[in-house]
Amino acid sequence: MNASNSIGIVSAKRAQFDTPLVFRSGAVLPRYELVYETYGKLNAVKSNAILICHALSGHHHVAGYYADEPDNVGWWDNMVGPGKPINTDKFFVIGLNNLGGCHGSTGPSSINPETGQRYGANFPVITVEDWVESQARLADLLGIRQFAAVIGGSLGGMQALQWSLTLPERVRNVLAIAAAPHLTAQNIAFNDVARSAILNDTNFHGGNFYQHNVVPTHGLRLARMLGHITYLSDDAMADKFGRELRNGQFNYGYEIEFEIESYLRHQGDKFASYFDANTYLLMTKALDYFDPAHNFGGDLNRAFACAKANFLVISFTTDWRFSPERSREIVQPLLHNRRNVSYAEITSTHGHDSFLLEQPHYFDVVRAYLDNVADELSS
Amino acid sequence: MSMRQYMSTSAAERPDFAAIAAWIPTGASVLDLGCGDGSLLRYLKETRGVRGYGVEISDLDIVSCIVNGVNVIQNDLESGLSDFEDDSFDFVILSQTLQATRHTEALIREMLRVGREGIVSFPNFGYWRNRLRVLLGHMPVSRNLPFQWYDTPNVHLCTLSDFENFCRSRNVKVLERNVMAGKREISLLPNLLGSTAVYRFQRGG
């Protein structure tokens, strides 16, 4: 990491919300906490704020590092910082852990103050719309009436899009990266297999595994392994692992032999050691339910009629989980509704994971777009 | 971490910009195909207040368009304009790109599906200097046609007469024509004395 480009030492903050939040499902959460980080300075008129929405396994630690954990660098540190495409010299950038998450915001692994027990299976199923409501309350708390931009990749991109629909007056620009206007059947199918792995783990205990002092590691690990395969491209996997064998020979058994097996299991183990199984279930359901056209007879043109923001839509050529075609499905209703929209299709070999990686063209697109947003703020 | 250098063409370098702008009323909606660095759209935005989008395939040009503050959709014109609905624009422009398109006929048809009117500008292969070069036994290389035969993107060069014949045979109605040599308008023997042509057209009745 180039230290001169880092925002440097950061620390997480907590916000408590005591007004009940009514979910799309009808469930009510009487109170909740969100953990978040901020980078850069909010200007006097509070017009330069950018909200970063995270994807399935993301969190509030977007950039910088912690004083006591210098190696714990934010997940989008390459993108967010002084002089970086999301430039903290110009913008006040907010990263938060979504409601239902497992990195400090109220979620299934939090203690329910009413019962003294962890929420577990009782935590409401959450939707992208619910997240936007909860994020808007954080914006209220920070005095931000309108975001200069809401930005996200993958599931984060869906949240950014939802902002423009739920609260069109409160977001001037939306950057939806490697996103989709809804999941395809194939995508929901992947999520269902991942959930099945967790739900059928004997340690899952219907979501209340905390009380049994166990973790459905096996299911979570399988879910992550499957997910990971779909985030990479065929070519990237071939380049990185090919048919490499760990010991250079076939052992004619079921132990780890191919490097890809070793890699996937390592990823699965790592993930299962810190991620909450219930959060994983919630996140995948939020993905499945996201469908702005749902209330408009499947008509995305009507769904986006209320949007007022300007849009930058970005996809990656080898992303087959959220393919360029899905991003173009976002662009079409924006054209129909005559919104300002630009669309870049980035040539990349890294599949869905591309949105997290530093690539000159991708970063130049984001930088160029946000530099204009910053110029408009100062003019 | 600084950005690479991105291009911006000035209107002064492109006399067809002013000719195109002259045909476009204030506040019109415009789709610019093969919009390059977005300079024409920017020029039309600034001089005519158009609401516009560009379509471009080149990565560098996409960033230039964004730098120029114009909407741009990264797409290959040759695969059609399926992102755009019927009659969704007042004008669809193809500026200095016609000659570089492979499926030229299909593209003109798509232009008139998406737009009420089409505008094209292209280098006139019938310009006397080009004819002279060919007469002397060489492919023309000039300011308007700056490429060598072996690395040119121009696969469908034509003369004014060729284009007009094409329009007649494909039921495309030419509404206006502006022929230029440099910045000068040409009315006498345009197919011989004009180096650049701009046409405005619509679907024939």
Side-chain angles (χ1 to χ4, degrees), chain A residues 2 4-6 78-87 89 173 175 301 310-317 324-325 327-348 358-376 379, chain B residues 1-8 27-33 35-38 41-42 45 49-92 110 113-115:
Chain A
N2 185 344
S4 66
N5 280 333
S6 170
N78 53 10
M79 181 69 96
V80 179
K84 292 182 182 178
I86 301 175
N87 191 345
D89 291 336
N173 294 277
L175 278 69
N301 288 344
N310 306 314
F311 292 80
L312 175 62
V313 179
I314 297 175
S315 71
F316 300 90
T317 50
E325 286 69 28
S327 280
R328 284 170 57 174
E329 286 171 18
I330 298 168
V331 172
Q332 283 158 13
L334 297 173
L335 290 170
H336 174 87
N337 286 297
R338 301 192 172 267
R339 302 318 314 153
N340 283 318
V341 54
S342 283
Y343 168 62
E345 197 169 300
I346 312 291
T347 302
S348 164
E358 181 167 348
Q359 296 163 87
H361 178 48
Y362 168 37
F363 275 37
D364 280 357
V365 166
V366 174
R367 182 194 304 275
Y369 190 90
L370 290 177
D371 279 356
N372 282 350
V373 173
D375 288 348
E376 281 162 28
S379 69
Chain B
M1 294 278 296
S2 72
M3 265 212 294
R4 290 172 288 177
Q5 281 301 303
Y6 292 101
M7 298 286 295
S8 196
S29 61
V30 169
L31 180 64
D32 184 6
L33 304 177
C35 65
D37 60 23
L41 269 176
R42 184 180 177 159
K45 219 169 119 178
V50 302
R51 168 174 283 282
Y53 301 89
V55 178
E56 181 53 60
I57 192 164
S58 140
D59 284 352
L60 284 176
D61 280 334
I62 294 295
V63 183
S64 298
C65 284
I66 295 173
V67 169
N68 276 321
V70 301
N71 296 312
V72 64
I73 308 296
Q74 190 162 23
N75 202 356
D76 182 4
L77 291 182
E78 302 288 358
S79 61
L81 304 177
S82 57
D83 289 339
F84 301 97
E85 297 169 332
D86 294 359
D87 286 314
S88 48
F89 289 93
D90 296 324
F91 297 92
V92 179
E110 277 287 86
R113 175 184 67 80
V114 168

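Keep in mind it's a predicted model, so treat the numbers as computed, not measured. Sequence lines set the chain letters: A, B, ... in the order given, protein chains first and strands last, and positions in each chain run from 1.
At least one side-chain heavy atom of B:S82 sits less than 4.5 Å from a side-chain heavy atom of A:R328. In this structure the side chain of B:I62 never reaches within 4.5 angstrom of the side chain of A:E345, judged on heavy atoms.
Going from atom CG of B:N71 over to atom OH of A:Y343 covers 15.0 Å, rounded to the nearest 0.5 Å. Here the CG-CD1 distance, from A:L312 to B:I66, works out to 5.5 Å after rounding to the nearest 0.5 Å. How far CD of B:Q74 is from CD1 of A:I314: 10.0 Å, rounded to the nearest 0.5 Å.
Residue A:N301 touches chain B through its side chain alone, counting heavy-atom pairs closer than 4.5 Å. For chain A, the nearby parts of B:I73 are the backbone and the side chain; heavy atoms of each come within less than 4.5 Å. Residue A:N372 touches chain B through its side chain alone, counting heavy-atom pairs closer than 4.5 Å. A:L334 touches chain B through its backbone: at least one of N, CA, C or O sits under 4.5 Å from a heavy atom, while the side chain does not. For A:V341, the parts lying near chain B are the backbone and the side chain together; criterion is any non-hydrogen pair under 4.5 Å.
Of all the heavy atoms in A:A368 and B:V63, the pair that sits closest is CB-CG1, 3.9 Å. Heavy atoms only, all atoms of each residue included: B:Y53 and A:N340 are closest at OH-N, 4.4 Å. When every heavy atom of A:H361 is checked against every heavy atom of B:D59, the shortest pair comes out as CE1-O, 3.0 Å.
Ranked by heavy-atom pairs under 4.5 Å with chain B, the list A:Q332, A:R338, A:E376 is led by A:R338.
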